[in-house]
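To keep things clear, I will list the structure first and then write my remarks on it.
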Number of protein chains: 2
Amino acid sequence: MNNRLKVLRAERSWSQADLAERLEVSRQSVNAIETGRYDPSLPLAFRIADVFDMAIEEIFLRD
Amino acid sequence: MNNRLKVLRAERSWSQADLAERLEVSRQSVNAIETGRYDPSLPLAFRIADVFDMAIEEIFLRD
DNA sequence: ACATTATGTCTATGACGCTTGACATGAGGG
DNA sequence: CCCTCATGTCAAGCGTCATAGACATAATGT
């Protein structure tokens, strides 16, 4: 499960900590998701989609 | 995180076991998700969307 | 009435998601 | 040269996702 988090974040000039705060998760979680160590839960995927105002399918890609 | 699995499945006259087989998960997982005991992982949510040929956002609803 | 299928639920086990706290490295600004 | 910020990563702990196997009950078919 690949994702475009790093790019989307960079486009907005947000640090991982900035994004973590908006998502109400830890900075380590954002980092782990970006670096592909694990996928977010479905509820967190929805919050990510909300923050970027995009569909989940536009952010997370089937491998 | 509410979902429309039970309805979508009924529309197709699939049993929980039928759906489980298509998703390659256990029947207990399908049941647990339908009865709201837990949310699927993001990869499983994608497979569910694929099986029903719908967007994740059309199947799973922000509470 | 009997057999089969469908659904809900329980237990126990293992893997994954997320946390806090910590530490290392690299980049940039004073 | 320091100081700060950004990123990556580790460990330990807790709750969630998913499994297999079992059992109870309801619904369907013959």
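Convention: sequence-line order gives letters A, B, ...; per-chain numbering from 1. Heavy-atom basis, side chains included; hydrogens, waters and symmetry copies ignored. Model, not experiment: these values are computed from the prediction.
Checked for salt-bridge contact, E34(B) and R9(B) meet the test: a charged N lies under 4.0 Å from a carboxylate O. Salt-bridge formation is not detected for the pair D18(A)/R12(A): no Lys NZ or Arg NE/NH1/NH2 atom is positioned less than 4.0 Å from an Asp or Glu carboxylate oxygen.
Straight-line distance from the CG atom of L42(B) to the C1' atom of dC18(C): 15 Å, rounded to whole Å. E34(B) has its CD atom 8 Å from the P atom of dT7(C), to the nearest Å. The separation between L44(A) atom CG and dC16(C) atom P is 17 Å, rounded to whole Å. As a whole-Å value, the separation of F46(A) CZ from dG17(C) C1' is 17 Å. Computed from coordinates, the L19(A) CG to dC18(C) P distance equals 13 Å when rounded to whole Å. Following rounding to the nearest Å, E21(B) (CD) and dT19(D) (P) show an atom-to-atom distance of 13 Å. Distance Q16(B) CD to dA20(D) P: 16 Å, rounded to the nearest Å. Atom CG of L23(B) and atom C1' of dC17(D) are 14 Å apart (whole Å).
Position along DNA chain D of the nearest nucleotide to R37(A) versus Y38(B) favours R37(A) as the more 5'-ward residue.
For D39(A), the listed nucleotide lying nearest its side chain is dG17(C); candidates were dG17(C), dC17(D), dC18(C). Of all nucleotides listed (dG17(C), dA6(D), dT7(C)), dG17(C) comes nearest to the side chain of S41(A).
Closest of all the heavy-atom pairs between A49(B) and A55(B) is CB-C, 4.3 Å. The nearest pair of heavy atoms linking L61(A) to M1(A) is O-CE, 3.4 Å.
In the displayed structure, E21(B) atom CD is contacted under 6.0 Å by at most 12 heavy atoms of other residues, nucleotides or ligands. A 6.0 Å sphere centred on CD of E24(A) holds no more than 12 heavy atoms belonging to other residues, nucleotides or ligands.
Going from atom CZ of R4(B) over to atom CD1 of I48(B) covers 13.0 Å, rounded to the nearest 0.5 Å.
A sub-4.0 Å separation between OP1 or OP2 of dT7(D) and a side-chain N or O of R9(A) is present. Within the structure, every side-chain polar atom (N or O) of K6(B) is placed at least 4.0 Å from both OP1 and OP2 of dA6(C). The phosphate of dA18(D) (OP1 or OP2) has no side-chain N or O of R47(B) nearer than 4.0 angstrom.
Only S26(A), R27(A), Q28(A), S29(A), listed by number, bring a heavy atom of residues 26-33 of chain A to less than 4.0 angstrom from any atom of DNA chain C.
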